[in-house]
Every structure is written in C-alpha cells, then in structure tokens.
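Remarks on the structure that follows.
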Number of protein chains: 2
Amino acid sequence: MKITVKDIARLSGVSKGTVDRVLHNREGVSRKSFEKVMKVVRESGYEPNIYASLLAKHGKRVLALLLPRSGKADYWTLVDAGADKAAAAASNFGVDVKKIVYDQYSLDAFRSACKEALDLNPAGVVLPPMFKEETKVFAGRLDELGIPYAFVDSRIEELNYMAFYGMPAFSAGYLCAALLTDNQNVSAVGAVRVRRDKEGLSDPTVTRRNGFIRYLDEHFPDKKKAAVFIDPSDPGSIEPALDGFFESNPDISHLVMFNSRLYLITDWLEKHPERKLRVVGFDNLEANVAALKKGLVTALITQRPEQQIAGAIDALVNLLVLGKGPQKRDNFMHMDILTRYNAD
Amino acid sequence: MKITVKDIARLSGVSKGTVDRVLHNREGVSRKSFEKVMKVVRESGYEPNIYASLLAKHGKRVLALLLPRSGKADYWTLVDAGADKAAAAASNFGVDVKKIVYDQYSLDAFRSACKEALDLNPAGVVLPPMFKEETKVFAGRLDELGIPYAFVDSRIEELNYMAFYGMPAFSAGYLCAALLTDNQNVSAVGAVRVRRDKEGLSDPTVTRRNGFIRYLDEHFPDKKKAAVFIDPSDPGSIEPALDGFFESNPDISHLVMFNSRLYLITDWLEKHPERKLRVVGFDNLEANVAALKKGLVTALITQRPEQQIAGAIDALVNLLVLGKGPQKRDNFMHMDILTRYNAD
DNA sequence: ACAATTGCCGTGCCCGTGCACGAAACGAAA
DNA sequence: TTTCGTTTCGTGCACGGGCACGGCAATTGT
C-alpha cells in the first residue's frame, strides 16, 4: 500500500497541485503550505511511482555517446556493441541514446563530434576522454550548461565528471606482467607497440605499461626489456618489423602488447612456433580470442567493455530518471583473465 | 513517436478494447477481428509501454527464491547477497522477491521450504536443485500449477525449467587443472574433499572433479592422484587430517579443492610454506580471497554467483512482466580467474 | 412470433504523476 | 469601495494500457 501524492495532499490539507509544486520545488507556494507538505512528505517516506512519472512526462531525453572508431576492429568495437544493448535498456526508461562516432586519431573529428553532441541538446553525455586538452574544454562547456557527463575507459581526475567506469590500468599492467612471467624462466621481455607519440592523449595503455614495468622492476630487475614498433596502417610492414626485432633480440622469451591489437601479430606468431614465446595481451576481440584458442597466446586480460559502457549509461539514466547520483564516482571494474579454457 | 493500442485500434478499425483482448489473447474476439488486429500489430511492430502496463495492473506478484544455507560462510552467502540486489531491481517492476532459506544438509528442511514456497502462491520460483529426487517432485507440482521456475548453480536436464544460470562445471574443472599444472613440474596432485556421499545430490563439485581428472588424464596420465577428506563440522580435525595426508603422500606438489570451502585449509597452508604447494580452488568468498592475496593460493576460479542469481530473477521477472521468455534456456556463465593481482 | 441466450465489441473509468489553466485570495492603489 | 496586479492554490485533462460493464446483433428456444 504505497503512499501517493493524493494521500499527501489529503494529509496536509492542500491540493495535489500544490504537493506537486513542492516536490519539484517550483515557485508559487507559500511558506506555510510548503512546510506543511514537506512535513508530511518526510514523515510518510513518500517515494514517487516512476512508472506514472515516466508515463506522464512522455518527453524523451537524449543521451549523447561519443565513441572513437578506427577503420579496423579494435577495443571500441566491443564498446560499441555494449552501447547498443545498454541503449535498448535505456529506451525502456524513456531515454534516447545517440551514438556519435569519430575517427580516434583525428583531433578535428573529436572537436566536431563534441559540437554535434551539444547540438543534440543532450541531458547527459558519455565519453572516453581521448584527447586530454580538448576534453577539458568540452567538459567545461558541459559544466556551464549543467549537463552531467560520465567517463569510460580512462578519466581526467580534475574534471567534474559524474561517474567513471573503467579498468585500473596500472594494476592491469602489473597483473599482465605477473601472468606473463609467473613461474617461468624469463630471459628477456619484448613489447610490441603501435604508436610512438602519446602526448596529449589520455590513454590507458601508457599506464598499463608503467604497471608492467613496475612488476618487472620488482621481480626481475636485471632482465632485458626491448620494444618494437609496428604500423597498423601498413600491414605489410609488420612481418619484417618483427623479423628484424627478433633477429636483433634472439633472447626474447616473453612478449606483451598493451593495446587491443594483438591480432596484428598472431600471423607472425603462428609462423614461428619454434620461438616458444609466452604471450599476454589485452581485450577480447574476436581475433584475439581466436589466437588464444589456438594456443598462440597464453592469456588475455579483458575488461568487459560492455559492462563499462553499460555502467556509465545506467548511471546517467538513473540520474536523469530517478534524480539519484551514483553511489561510487569511480568504478574500477574487474580485470578478467582469459585463457584458452575459459574463453567460452 | 511510439505506436499505441489506440493507433492499432484506429488502423484496424476496431476499438482498443478489442485490441486489448487480442494482445492478451483472451476470448471473445471473432476470427476476422483477430486477424485484422494481428496484422496491424505485426506490421507496426507494436511494443506495449511497460510503465503504463505496470501502472494499470498495480497488482504485486510474488517470486519465491529457495536458498540453502549452512551455518558458515560458503558459496550461498554470495548468492544470497546477489539475490538482495536483484530483488531490489525486481521490486521496481512490481515483483516481490521472497527468500526462503533452508539448511542445505537437511532433506526435510528442503521439503518444508518447498511447501512454504507454494504457500506464497508465487508467480515464479528460483532454486538450485540441491536434492535431485525432491526437486523433481517439487518441479512436477509447479508444472501442474503452471508456475514457471528457474534453476541456478546446477540443473536437472529432463525437467521443464524455464531457464538455467550457472557455471559449466566440467569445463571449470578442466580449467582448474590447467591453471594448477600449467608449466609446472608436477609430481603428484592432491585433492581436499568434504563429503564422501554425494548420491541423491545435484552437486557441481562432482562434475568439476570429472573435468579436472579429464585434464590430468590427457596431460599427465601417469601422475599420482590422492585425496583427503576433512570434516567441516569438526574444525579441530582438519589439521591432523592434512598432516596425516601429507605424511603419507610427501610427493604432493599441487593441491585442489572443488567446493567453496578452501578457507578451511588456509591455516594449515600458512603453517607449511616449506611445501611450496601450488593451490587452486573455487569461489570468491572473502576468506578465500584473503588467502589469495596472502599468496597461499595461486588462483581461484569464480563464477560470479551474483550474476547467476540476478540472471535467473531477471529472466523470471521479464517473463512475468513482459510475457517474454528468455532467449537462451541454458546460460553458462563465464568462469573468472582470480589471482592475487586482480582480486580487487 | 417474441423472449432469452450467446458471441462480439465499444465505452469509460482507473492507475499515479505532470502540468496548464484559471479561480480565489490578498494587498495596494485609485 | 472599486479596480487592478500578484501570489497562491485547486481543478481537470493527459499519458498508455487493463479491465468491468453494458450494448448491439445474431442465434437459439418456446
């Protein structure tokens, strides 16, 4: 037997119109009525019926979602898929999720995506803070407009974001090193990298690398570390790059890759079983999982991107619909270890 | 611009009352009207507004939840916690989840719990099929009454359950063996067990053990396997039991435990670091995770019991509220690998 | 033939909330 | 006192769907 506005109106001797004004603290209520109503509201523990509420204000609210996209399959593909599911759930709550996709390597694309998002006049925004300075500018604008926003993937701590859902990147790197070297005879560790220039980017792979190196320094301080750079935009160059790398570093027994593009080197791995490399990487892209199942890769560390994006969207939806902020602002999500036997 | 019953009524030239009768396939509709309406419904892709629906039939439905419980912390503690969260979510959809807790070792307790559940006159039931024969009887009764039910943890395949959420127990055992022995010098493998008599029980630990043994047979066919039984109800007996076991099996290097009570032996492990045992177990009970973080245990395989119970409850809620069955009847959930570095 | 039953169907109210419109109450100026 | 402007408040409809009630027509019974 839930209490309703009508009950409150009766108990406090006013009309439901007045109760409504008090509950939404709109103007036009005398001090006396206000307090009478508030008293009853508090004492009765009134909670609005969200169904009736959503039904009455049939107005759709828009939630903008900024997503980077490169041409090829990568981490963001997974996020994208998760976003669709979360969007379906959100539409049940009268919230319309609009995806805005931009080229992850282009600052201009990011800028115009921000502009596009603002043009939607959104009630909330979800984005990974890809470009640090530009994100700050955008966030400042959102703050001005009073639009809440949530970060996924990584965060910029000094900003006024409502919630963050992502991986503890440093720990992930640390874990990665532990998995890679656990009980092994480590001779030398190699890393495959994609981009040299990371300045101005808010990129968890950098932090992962730091965590990784920390573990090595703690457990194998004197072991050799080496890195090779490959160019994803030029697939033909990858094989020679790796060949060269292993020629000049024949002692490498363990290999790591901090971004999601592990699949770029699996062809090479398949051709060189004689190296008996132990390999650990990140993110459960289909191609990566396939390599895992083949035994080319020992383990993948994954972060359930679907849950991250869903968490961020849900948090914003709850804020918009129920007016309730999230319990935790920073939500570091579980790092999952995938081996060939639990890849599902 | 969503389509409503009124739209359908207009488009098919009948009244919304008739549309309503068609949508809920109640009687009192002529063949002709029925088909006219159905045609429009299909073509328009009509979906009811669940808020309006819930608002109109404000009737609460009850969902019964049977949960075993022993005195001590175990796997079911985690399930219980997850159930509370899922129940909160369900109450948003006008479904009242009632927990019925019974002693997991008592058949009588299970029986009376079933009776209690039926007395609630529930619209649905969620339960782990702990006692096989009794569960069959109960399920038969539910089938008679037309009450849908969902299994968690394990399932009885021949029954008419609506959905199952659980772990692929055989694969879990297989994975467990892979984790335990991966790249190790295995001399002999020991198992710690709790109950000797499993007949009449529907218990995933048995299947886990089978999966475990399969892996060993495939990869280390000639290695020795040994088992020790401990009695959880008599904590004092545990240490001597283990002492005796390792005295007569000094070559054991790897240890496994198939149920959730790994914490029962962590004291002993802590006292015997000289054995350098590699240990793998199941379920993220707090005590188990603590042992993991201390380094006493190498890895835990966990099954996110909160998500299992939540999945089962959600499936039933969706059925009750939206009238939609689940996409998949059997939902094998991801096995999570926990090490000291991703225990959170 | 008319009355009674049955099969189909439309109307209208209800759920709890949001919000527009206009009425009442009040004070101040004429 | 009348008039006008504010402030404050109540009324009533809308949202979309569930469901009871009663009406109309076709059929059956006498």
Side-chain angles (χ1 to χ4, degrees), chain A residues 1-38 40-41 44-61 91-96 123 320-324, chain B residues 1-38 40-41 44-61 91-96 123 320-324:
Chain A
M1 202 61 72
K2 287 259 278 187
I3 190 155
T4 73
V5 276
K6 206 166 18 175
D7 296 325
I8 295 187
R10 189 170 34 76
L11 290 173
S12 49
V14 298
S15 76
K16 76 192 186 78
T18 302
V19 175
D20 183 70
R21 278 180 277 263
V22 171
L23 289 173
H24 299 80
N25 48 290
R26 278 180 297 178
E27 55 187 5
V29 181
S30 68
R31 183 128 206 89
K32 206 164 54 171
S33 299
F34 181 85
E35 279 169 2
K36 268 195 304 187
V37 172
M38 277 308 281
V40 176
V41 167
S44 64
Y46 167 75
E47 282 193 20
N49 180 321
I50 60 170
Y51 308 123
S53 176
L54 286 172
L55 181 60
K57 52 173 179 201
H58 57 295
K60 290 269 182 196
R61 331 200 64 164
S91 83
N92 279 337
F93 289 105
V95 175
D96 217 12
L320 297 179
V321 173
L322 309 177
K324 294 289 166 196
Chain B
M1 203 60 71
K2 286 260 277 185
I3 190 155
T4 73
V5 275
K6 209 169 9 178
D7 296 326
I8 296 189
R10 189 171 33 78
L11 291 173
S12 49
V14 298
S15 75
K16 79 191 183 81
T18 301
V19 175
D20 184 68
R21 278 180 279 263
V22 171
L23 288 174
H24 298 81
N25 49 289
R26 276 179 296 178
E27 54 186 6
V29 183
S30 68
R31 183 126 208 92
K32 207 164 54 172
S33 300
F34 181 86
E35 280 168 3
K36 269 194 302 184
V37 172
M38 278 309 280
V40 176
V41 167
S44 63
Y46 167 75
E47 284 192 18
N49 180 322
I50 60 172
Y51 307 120
S53 176
L54 287 172
L55 182 60
K57 52 172 179 197
H58 55 295
K60 290 269 183 193
R61 330 200 65 163
S91 83
N92 279 337
F93 289 107
V95 175
D96 217 12
L320 298 180
V321 173
L322 309 177
K324 294 289 165 195

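What you see is a predicted model; the values in this text were computed from it and never measured. Chain naming here is simple, since letters A, B, ... match the order of the sequence lines and numbering starts at 1 in each.
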Quick check on [N]: is either OP1 or OP2 less than 4.0 Å from any side-chain nitrogen or oxygen of [X]?
| X | N | answer |
| --- | --- | --- |
| B:S53 | D:dG17 | no |
| B:T4 | D:dG16 | no |
| B:S33 | C:dC8 | no |
| B:Y46 | D:dG16 | no |

* Asked: Do B:S44 and B:I8 have side chains that get closer than 4.5 Å, going by heavy atoms?
  ->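 Yes - at least one pair of side-chain heavy atoms lies under 4.5 Å apart.
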
Residue [X], side-chain heavy atoms: nucleotide from [options] that is nearest:
| X | options | answer |
| --- | --- | --- |
| B:S15 | D:dG10, C:dG18, C:dC9 | C:dC9 |
| A:K16 | C:dC9, D:dG10, C:dC19 | C:dC19 |
| B:H24 | C:dT17, D:dC9, D:dG18 | D:dG18 |
| A:A52 | D:dG10, C:dT11, C:dG16 | C:dG16 |
| A:S30 | D:dT8, D:dG16, D:dG18 | D:dT8 |
| A:V14 | C:dG10, C:dC19, D:dG10 | D:dG10 |

- Task: Rounded to the nearest angstrom, tell me the gap between atom CG in A:L55 and atom C1' in D:dG17.
- Result: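 Nearest whole value for this atom pair: 9 Å.
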
_Minimum heavy-atom separation for B:V29 and B:T18, please, with both atom names._
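Minimum heavy-atom separation between B:V29 and B:T18: CG1-CG2, 4.2 Å.
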
Checklist entry - At under 4.0 Å between heavy atoms, what does A:N49 touch on the DNA or RNA strands: base, sugar-phosphate, or nothing? => result sugar-phosphate

Just call it for A:F34: base, sugar-phosphate, or nothing, with non-hydrogen atoms closer than 4.0 Å on any strand.
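Touches nothing.
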
What's the angle between the local helix axes at either end of the helix from C:dA1-D:dT30 to C:dA30-D:dT1, using five pairs per end and rounding to 10 degrees?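 End-to-end axis angle for the helix from C:dA1-D:dT30 to C:dA30-D:dT1: 70°, rounded to 10°.
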
Under a 4.0 Å heavy-atom criterion, the protein footprint on nucleotides 20-25 of chain C, written with B, S and -, is ------

